[in-house]
Asks: 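Here it is, the structure, as structure tokens.
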Amino acid sequence: MQLSELEIVRREKLAQLRAMGINPYPADLFPVDHTSANIKNNFEEGKRVVIAGRLMSRRIQGKASFAELQDAEGRIQVYFNRDEICTGEDKTLYNDVYKKLLDIGDFIGIEGELFKTQVGEKTVMVKDFKLLSKALKPLPQPRVDAEGKVHDAFTDPEQRYRQRYADLVVNPHVKEVFVKRTKLFNAMRTFFNERGYFEVETPILQPIPGGAAAKPFITHHNSLDIPLYMRIANELYLKRLIVGGFDGVYEFSKNFRNEGMDRTHNPEFTAMEIYVAYKDYNWMMDFCEQLLEYCALQVNGTTQATFGEHTVDFKAPYKRVTMAESIEHFTGFDITGKTEDELRAAAKDMGISVDNSMGKGKLIDEIFGEKCEGNYIQPTFITDYPKEMSPLCKEHRDNPELTERFELMVCGKEIANAYSELNDPIDQRERFEAQLKLADRGDDEAMFIDNDFIRALEYGMPPTSGMGIGMDRLIMYLTNNPSIQEVLFFPQMKPERKAVALTDEAKAVFALLKKAEKMELSALKEQAGLSNKKWDKAIKELTKNSLAKVEKTDEELYVSIH
RNA sequence: GACUUGGUAGCUCAGUUGGUAGAGCACCUCCCUUUUAAGGAGGUGGUCCUGGGUUCGAGCCCCAGCCAAGUCACCA
């Protein structure tokens with residue numbers, strides 16, 4: 001590996017520390033008893049504290065120095081004074097260890113006393129300190145000036161996502177997003193648990209990827225010798241549990257879809273699904289708006305959330321509009337009672353591209369997606385979707401062409417999807433078969449038939465309402481982030497770079513060398529068992545790529561890992 | 001998948017018509033005992049994303065590729 005000058009300097013400091021008998025990575029517990037936050041909140045002049053964290057900035061002025069220590073809760077100023085730390089004649093702890101051998105990014109533990117500086121800053125006067133972990137790579141160092149302007153911000157999205165650890169260290173606002181994310185999950189759990197609903201886990205590796213229209217990841221189980229799919233949804237398993245007698249079950253579900261990536265789609269994402277027996281989708285709408293109002297309050301302390309140019313209010317209740325009303329409102333076209341051909345012609349007139357694989361449901365969905373969806377900024381329930389595009393949803397009690405389904409739209413995007421669940425096993429089989437026909441017409445997202453799921457329904461499932469919420473999307477709204485990558489710790493990225501391409505001979509030599517770290521050149525050559533020519537080529541390749549180093553002492557040649 | 005923009009020091013960024021690679025911060029050396037983005041003086045640091053091409057000469061022009069962001073398409 002090629003080291004920068006800064007990295008080499010830090011490795012040299014590491015060696016010097018060791019030479020002084022200081023372990024840069026000590027094993028023993030450090031008895032922390034305060035954090036930066038509770039020092040500031042409960043400040044007491046002269047109080048003794050033990051704190052630990054990363055050294056994040058230093059202002060050295062000869063025999064004294066101010067620095068900032070960052071822990072999990074924020075930063076606190078610390079004051080290093082030579083004569084406070086080194087009470088005797090030996091001043092090396094300050095002059096050498098602190099001033100020369102510590103770096104920004106190092107973890108240190110501090111024992112000290114609280115005081116306020118002449119300008120009133122709450123500060124820890126260091127009485128003793130200990131290196132807890134040396135950082136070998138320099139962190140980016142954004143700084144904020146008196147006007148709140150950030151200098152040298154660490155902003156490159158590629159580096160921030162690939163090195164989220166560094167992003168989190170230096171960008172407090174990034175950490176805040178993830179704190180809110182966890183608050184959201186906790187709020188939902190609390191809301192559900194208080195109502196007696198039961199958190200469960202269902203399979204991620206599934207023999208049939210069901211519950212949604214999407215392309216799955218496929219994998220293979222070796223000893224069973226069967227294909228398995230990573231789940232695209234957990235719906236069908238949760239409903240099996242309702243069949244099994246639970247009144248309400250929910251799961252935060254990591255789902256996987258083998259589709260495109262963009263700023264709102266990551267190959268793995270988190271959905272929450274909940275199913276409650278003896279309820280219908282009208283009840284679920286009430287439940288949903290109560291839930292989101294509660295979550296917004298828990299996360300942000302207010303029901304209002306800013307998203308880009310919009311201010312969204314999650315305070316219940318939300319408007320409810322049927323899909324037919326919505327389409328009529330925005331296009332003037334009434335879809336009720338229209339044939340597939342009439343719908344296709346209407347869509348064409350609206351300038352929507354259509355093809356013959358599209359059935360009635362898909363056509364209506366296209367019209368809605370194109371002309372209506374984007375207009376709903378404030379939370380709005382869109383209800384009563386066409387039957388064809390909702391194969392797991394109960395037929396509408398008043399209209400056999402429709403289903404009892406709603407989606408919740410916010411800022412023109414869907415964040416929740418809910419049904420009165422289909423529990424008629426014969427109807428369910430017919431819907432699956434209709435999906436097969438769609439697949440034959442070329443719809444590559446049509447659902448598979450899940451016979452085991454139908455068998456479960458045949459035992460009887462109580463009337464049930466279910467809802468799914470896109471957790472990533474919801475937290476994007478609650479934290480004003482237009483990109484899903486900002487709300488995932490580790491968004492999927494293409495691999496960073498190809499490994500150094502080595503010949504097989506060079507790889508073999510390197511493997512031998514790695515075990516020993518350093519060995520005599522002649523011994524390594526003998527172990528490698530290569531011809532002179534091949535040996536020469538292999539060792540030159542390794543040294544050229546800075547993987548190995550050849551050193552000459554008085555009587556021997558040594559090879560070591562670089 | 002298409003298009004647009006970008007990739008230069010650890011970080012943020014300049015880089016003129018194609019003519020010896022720059023700044024600020026960081027880092028290193030020296031001075032400095034209550035400061036607060038930035039004390040003073042001096043210094044080090046580069047695979048200009050990769051590979052080809054044009055040229056006497058390429059960070060810059062051309063071609064191909066890699067990675068990212070954005071827009072669109074597709075997809076929930």
Side-chain angles (χ1 to χ4, degrees), chain A residues 2-10 12-13 56-68 75 77-85 94 99-101 103-105 115-125 135-163 166-167 170-171 212-215 232-233 255 257-267 269 271 353 365-366 369 373 389 407 409 413-417 443-445 468 470 472-473 482-486 491 493-498 501 545-546:
Chain A
Q2 202 68 35
L3 294 178
S4 71
E5 190 207 8
L6 299 186
E7 290 170 306
I8 291 165
V9 167
R10 289 195 179 204
E12 283 164 0
K13 290 179 179 179
M56 291 304 282
S57 73
R58 291 203 287 181
R59 298 176 286 277
I60 295 178
Q61 318 157 51
K63 298 177 189 69
S65 166
F66 287 93
E68 279 179 299
R75 291 186 183 188
Q77 176 166 276
V78 294
Y79 177 64
F80 286 82
N81 182 306
R82 191 190 67 185
D83 299 325
E84 295 285 341
I85 295 164
Y94 180 80
K99 267 170 76 175
K100 299 214 169 114
L101 301 177
D103 283 296
I104 286 171
F115 77 108
K116 275 188 189 167
T117 62
Q118 288 176 1
V119 289
E121 182 85 17
K122 291 168 185 170
T123 306
V124 179
M125 164 96 67
L136 294 183
K137 232 175 149 53
L139 283 167
Q141 281 171 255
R143 286 177 316 286
V144 183
D145 68 18
E147 284 110 52
K149 211 173 132 197
V150 181
H151 299 260
D152 296 339
F154 183 53
T155 52
D156 177 29
E158 177 168 5
Q159 291 199 73
R160 287 182 43 235
Y161 303 152
R162 288 193 195 280
Q163 303 185 40
D167 190 26
V170 305
N171 287 328
K215 291 183 199 115
I232 54 175
N255 295 341
R257 298 190 182 175
N258 203 345
E259 291 164 355
M261 286 161 58
D262 59 32
R263 74 180 203 295
T264 56
H265 295 85
N266 195 65
F269 64 98
S353 64
D365 189 39
E366 285 293 320
E373 196 174 56
M389 53 186 289
E407 289 193 354
M409 313 300 301
K413 300 270 185 208
E414 166 217 338
I415 61 168
N417 182 18
D443 185 344
D444 57 0
E445 296 171 352
D472 306 298
R473 215 166 257 183
S483 162
I484 196 171
Q485 297 167 103
E486 294 290 352
M493 305 285 277
K494 284 201 190 180
E496 208 163 342
R497 71 174 87 102
K498 284 169 247 159
N545 284 309
S546 300

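Letters A, B, ... mirror the listed sequences (proteins, then strands); counts begin at 1.
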Asks: Which listed nucleotide (B:U12, B:C67, B:C32) is nearest to the side chain of A:Glu158?
Replies: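 The closest nucleotide is B:C67.
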Asks: List in chain and number order the residues that pass ring-ring contact (aromatic ring centres under 6.0 Å, His included) with A:Phe66, two or more places apart in sequence or in another chain; answer none if no residue qualifies.
Replies: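 Scan of A:Phe66 (ring-ring contact (aromatic ring centres under 6.0 Å, His included), adjacent residues dropped) gives A:Tyr79.
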Asks: Provide the distance between the two P atoms, one in B:C25 and one in B:A37, to the nearest whole Å.
Replies: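 Those two atoms are separated by 14 Å.
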Asks: So do the side chains of A:Lys116 and A:Glu121 get within less than 4.5 Å of each other, counting heavy atoms only?
Replies: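 No, too far: nothing below the 4.5 Å cut-off.
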Asks: Taking the minimum atom-to-atom distance to the side chain of A:Tyr79, which one of B:U33, B:A26, B:A68 wins?
Replies: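 Of all the options, the side chain of A:Tyr79 is nearest to B:U33.
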Asks: Between B:G18 and B:A2, how far apart are the two C1' atoms, rounded to whole Å?
Replies: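 Straight-line distance between the two C1' atoms is 32 Å.
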Asks: Indicate yes or no: at least one non-hydrogen side-chain atom of A:Arg82 is less than 4.5 angstrom from one of A:Lys99.
Replies: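 Contact flag for A:Arg82/A:Lys99 side chains = no.
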Asks: Below the 4.0 Å mark, does B:U34 have OP1 or OP2 next to a side-chain nitrogen or oxygen of A:Arg59?
Replies: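 Checking B:U34 against A:Arg59, no side-chain N or O comes under 4.0 Å of OP1 or OP2.
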Asks: Give a yes/no on whether any side-chain N or O of A:Gln141 is located under 4.0 angstrom from OP1 or OP2 of B:A37.
Replies: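 Answer no for this pair, as no side-chain N or O of A:Gln141 is under 4.0 Å from OP1 or OP2.
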Asks: Please state the P separation for the pair B:C49 and B:G6 - nearest whole angstrom.
Replies: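 The answer is 13 Å between these two P atoms.
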Asks: For B:A26, does either OP1 or OP2 sit under 4.0 Å from a side-chain N or O belonging to A:Arg143?
Replies: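 No, no such contact exists.
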Asks: Nearest of B:A73, B:U33, B:A68 to any side-chain atom of A:Gln61?
Replies: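 Nucleotide nearest to A:Gln61's side chain: B:U33.
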Asks: Heavy atoms from C-beta onward define the side chain here; which of B:U12, B:U34, B:A37 lies closest to that of A:His151?
Replies: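 Among B:U12, B:U34, B:A37, the one nearest the side chain of A:His151 is B:A37.
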Asks: Looking at the side chain of A:Asp262, which of B:A73, B:A37, B:U33 is the nearest nucleotide?
Replies: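 So the nucleotide nearest the side chain must be B:A73.
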Asks: Looking only at N and O atoms, is any donor in the side chain of A:Asp152 or the base of B:G24 less than 3.5 Å from an acceptor on the other one?
Replies: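 Under the 3.5 Å cut-off, the side chain and the base do form a donor-acceptor pair.
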Asks: Counting Watson-Crick and G-U wobble pairs only, both distances under 3.5 Å, name the nucleotide matched with B:U71, or none.
Replies: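 Paired with B:A2.
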Asks: Run the salt-bridge test on A:Lys137 and A:Glu7 with the 4.0 Å N-O cut-off and return the result as yes or no.
Replies: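 Result for this pair is yes, salt bridge flagged.
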Asks: According to a strict under-4.0 Å criterion, is A:Lys13 in side-chain N/O contact with OP1 or OP2 of B:C28?
Replies: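 Yes, A:Lys13 has a side-chain N/O under 4.0 Å of OP1/OP2 on B:C28.
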Asks: Kindly indicate whether the side chain of A:Gln77, heavy atoms from C-beta on, has any atom under 4.5 Å from the side chain of A:Thr117.
Replies: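 Yes - at least one pair of side-chain heavy atoms lies under 4.5 Å apart.
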Asks: Mind checking the C1' distance from B:U47 to B:G42? Whole angstroms is fine.
Replies: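 It works out to 29 Å between them.
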Asks: If the P atom of B:U8 is compared with that of B:C61, how far apart are they to the nearest Å?
Replies: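 Comparing P positions in B:U8 and B:C61 gives a spacing of 16 Å.
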Asks: In whole Å, what separates the C1' atom of B:A14 from that of B:C72?
Replies: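 That atom pair is separated by 33 Å.
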Asks: Does any donor-acceptor pair link the side chain of A:Glu373 with the base of B:A76 at a separation under 3.5 Å?
Replies: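 Indeed, a donor on one side and an acceptor on the other fall under 3.5 Å apart.
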Asks: From B:A76, B:U35, B:U12, pick the nucleotide closest to the side chain of A:Glu414?
Replies: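 Of the candidates, B:A76 comes closest.
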Asks: Give a yes or no on whether a donor-acceptor pair under 3.5 Å exists between the nucleobase atoms of B:C75, that is its base, and the side chain of A:His265.
Replies: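 Result: at least one qualifying N/O pair found.
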Asks: Could you tell me how far B:C48 sits from B:C13 if I compare only their C1' atoms? Round to whole Å.
Replies: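 Each nucleotide's C1' atom is 13 Å from the other's.
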Asks: With a 4.0 Å limit, can you tell me whether A:Gln118 has a side-chain N or O closer than that to the phosphate oxygens OP1/OP2 of B:U35?
Replies: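 For B:U35, OP1/OP2 do have a side-chain N/O of A:Gln118 under 4.0 Å.
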Asks: Look at the side-chain N and O atoms of A:Gln159 and state whether any lies under 4.0 Å from the OP1 or OP2 oxygen of B:C11.
Replies: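 For B:C11, OP1/OP2 do have a side-chain N/O of A:Gln159 under 4.0 Å.
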Asks: Which base, if any, makes a Watson-Crick or G-U wobble pair with B:G43, both distances under 3.5 Å?
Replies: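 Because both required distances fall under 3.5 Å, B:G43 counts as paired with B:C27.
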